[in-house]
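Quick notes on the structure that follows.
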Amino acid sequence: MGTSGKIIKCKAAIAWEAGKSLSIEEVEVAPPKSHEVRVKIIATGICGTDDHVLTGSFPKVDYPVIPGHEGAGIVESIGEGVTCVKPGDKVIPLCLPQCGECSSCLKWNTNCCLKTHLCNPQNLMPDKTSRFTCKGKQIHHFLWISTFSEYTVMPDSTVVRIDDAAPLDKVCLFGCGFSTGYGAAINTAQVTPGSTCAVFGLGGVGLSVVMGCQAAGASRIIGIDINKEKFGKAKELGATECLDPRDYEKPIQEVLIEMTGHGVDYAFEVVGCLDTLTAALASCHMGCGVCVMVGVPPTDSRLSFDPLLLFTGRTLKGSFIGGWKMKDSIPQLVSSYMEEELKTDVLITHTLSFSEISEGFNLLRSGKSVRIVLLF
Ligand code: APR
Ligand code: ZN
Ligand code: ZN
């Protein structure tokens, strides 16, 4: 039937090398092999991490590469042995696999599947070959899912079926940004009712943290950003106060400690910067405050801070895609969206056509967008 078993020619955005902008090219997408799935991407968000791929600051990427990892689409065909999805299913590609077999997948308390890119680069399919070619050259995959291609192939551990009625141009955010931020508050920090939270960075991920803190019943949610244009939406989503560190002569952690008496119960770093991470930790309540690292740190960076901050009982935790075991959780999150319990549409400030991808990246860098969704 149709395209199954055949090479498909379609449009994709390729980063030929680090430091160059994306170029839209015609690529050839080979059929899925055993335990692989070929998906027609309908919509994809642009995430800060994709921008890190373009600049060369995301670890372990091989170029040329097709980035993109916040997509939603429809299964076009499946390889031998695939049982979790079938052609025609609506799906979300998963930027963090859930293989179901490794020691992390078998533990209840971590989602860090050992198949993740941060253990073993996901630049080629598990059999170490690529399904993408362009102008006779092999093109690399990104996180095994490369959603900046109209058709893309992924292992069956990195795709999950969602509700047939889900609007793909909206629920693509569950593939990364929303789930990452919301889960950091709900799963990693486990924010308690009545608590005080500080969220450093009010981009799409930080605003999703604000939504998680509010859903968990925090009574005070302090948003911190150097761009005041982010404050309106943060307040709409539950921030009770917003601060610009540049308005104060003293370090922001001192401001937060004064405002709250003894520091916050939970602080979230959602910028991807070491200075804000240290400030977030230092703004936590002595003895019990929990600092959650959500932003991706600069490649090869090293942290340095006063160890007494930890000795006196504060906790520093990392959160990886919000702590969700993605295969188990993403369909449920989409169901909550369909039941109007999760109102994520407000995060989408721009919807563009795929051919406008470069304008999308310019918008992202200008700070004038929250989430940009591209439609094929
Ligand atoms: N203090 C406070 N806020 C800051 C600072 C700072 N020193 N520097 C930048 N910001 C703000 C920006 O103004 C912006 O509003 O942090 C926000 C970051 O938002 P985005 O760039 O939209 O990034 P987002 O997609 O939300 O991701 C945030 O999480 O997933 C990771 O790689 C991603 O590390 C990134 C982080
Ligand atoms: Zn992302
Ligand atoms: Zn696993």
Side-chain angles (χ1 to χ4, degrees), residues 44-53 55 57-59 67-71 93-107 110-117 119-120 142-143 145 147 155 157-158 172-181 183-184 198-210 222-231 233-234 242-248 251-253 268-280 292-299 318-322 325-327 347 349 361 363-372:
T44 177
I46 303 181
C47 172
T49 298
D50 298 310
D51 200 30
H52 297 330
V53 174
T55 57
S57 58
F58 194 77
H69 63 282
E70 196 178 79
L94 309 177
C95 56
L96 172 61
Q98 187 180 342
C99 76
E101 293 165 357
C102 73
S103 64
S104 288
C105 282
L106 295 175
K107 287 184 198 292
T110 176
N111 65 338
C112 284
C113 174
L114 298 180
K115 297 250 159 72
T116 170
H117 178 79
C119 289
N120 285 302
F142 177 56
L143 302 181
I145 57 178
T147 61
S157 58
T158 60
C172 54
L173 297 199
F174 288 90
C176 178
F178 175 74
S179 306
T180 297
V199 183
F200 289 72
L202 299 171
V205 183
L207 291 174
S208 304
V209 173
V210 170
I222 307 167
I224 298 134
D225 202 297
I226 52 172
N227 179 353
K228 289 192 175 68
E229 286 180 34
K230 306 281 176 168
F231 293 175
K233 199 149 262 185
C242 288
L243 310 177
D244 179 346
R246 292 175 177 173
D247 290 344
Y248 300 88
I252 193 67
Q253 56 268 38
F268 298 86
E269 200 285 342
V270 208
V271 181
C273 199
L274 300 185
D275 290 348
T276 40
L277 181 58
T278 314
V292 180
M293 176 181 180
V294 187
V296 180
T299 311
S319 182
F320 195 34
I321 317 292
K325 282 184 184 286
M326 290 189 93
K327 269 213 183 206
L347 298 172
T349 50
F361 274 91
L363 267 167
L364 175 94
R365 291 172 195 144
S366 74
K368 296 203 180 304
S369 62
V370 177
R371 253 344 193 219
I372 301 149

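Each residue takes its place number in the sequence, starting with 1. Every number for a ligand or one of its atoms is a count from 1 in the order of the listing.
Computed with the Zn ion (ligand 3) at the centre, the Cys105 SG to Cys102 SG angle is 100°, stated to 10 degrees. Our summary of the site lists the angle at the Zn ion (ligand 3) between SG of Cys99 and SG of Cys113 as 110°, to the nearest 10 degrees.
Between Val370 and ligand 1, not a single N/O pair is under 3.5 Å apart.
Taking the charged nitrogens against the carboxylate oxygens, Asp244 and Lys228 do have a contact shorter than 4.0 Å, which makes a salt bridge.
Of all heavy-atom pairs spanning Cys176 and Cys47, the tightest one is SG-SG, 4.0 Å.
Distances from ligand 1 to the non-hydrogen atoms of Cys273 include no value under 4.0 Å. Residue-ligand proximity: Thr180 is placed with every non-hydrogen atom at 4.0 Å or more from ligand 1.
With a heavy-atom cut-off of 4.0 Å, Val296 touches ligand 1 through backbone and side chain alike. Of all the heavy atoms of Glu269, none lies under 4.0 Å from any atom of ligand 1, so neither backbone nor side chain is involved.
Shown are Leu202, Val271, Val199; of these, the side-chain contact (heavy atoms from CB on, under 4.5 Å) with Asp225 is made only by Leu202.
Checked against a 6.0 Å centroid threshold, the rings of Phe58 and His69 do not count as neighbours.
Listed by chain and residue number, the protein N/O/S atoms under 2.8 Å of the Zn ion (ligand 2) are Cys47 SG, His69 NE2, Cys176 SG, with waters left out.
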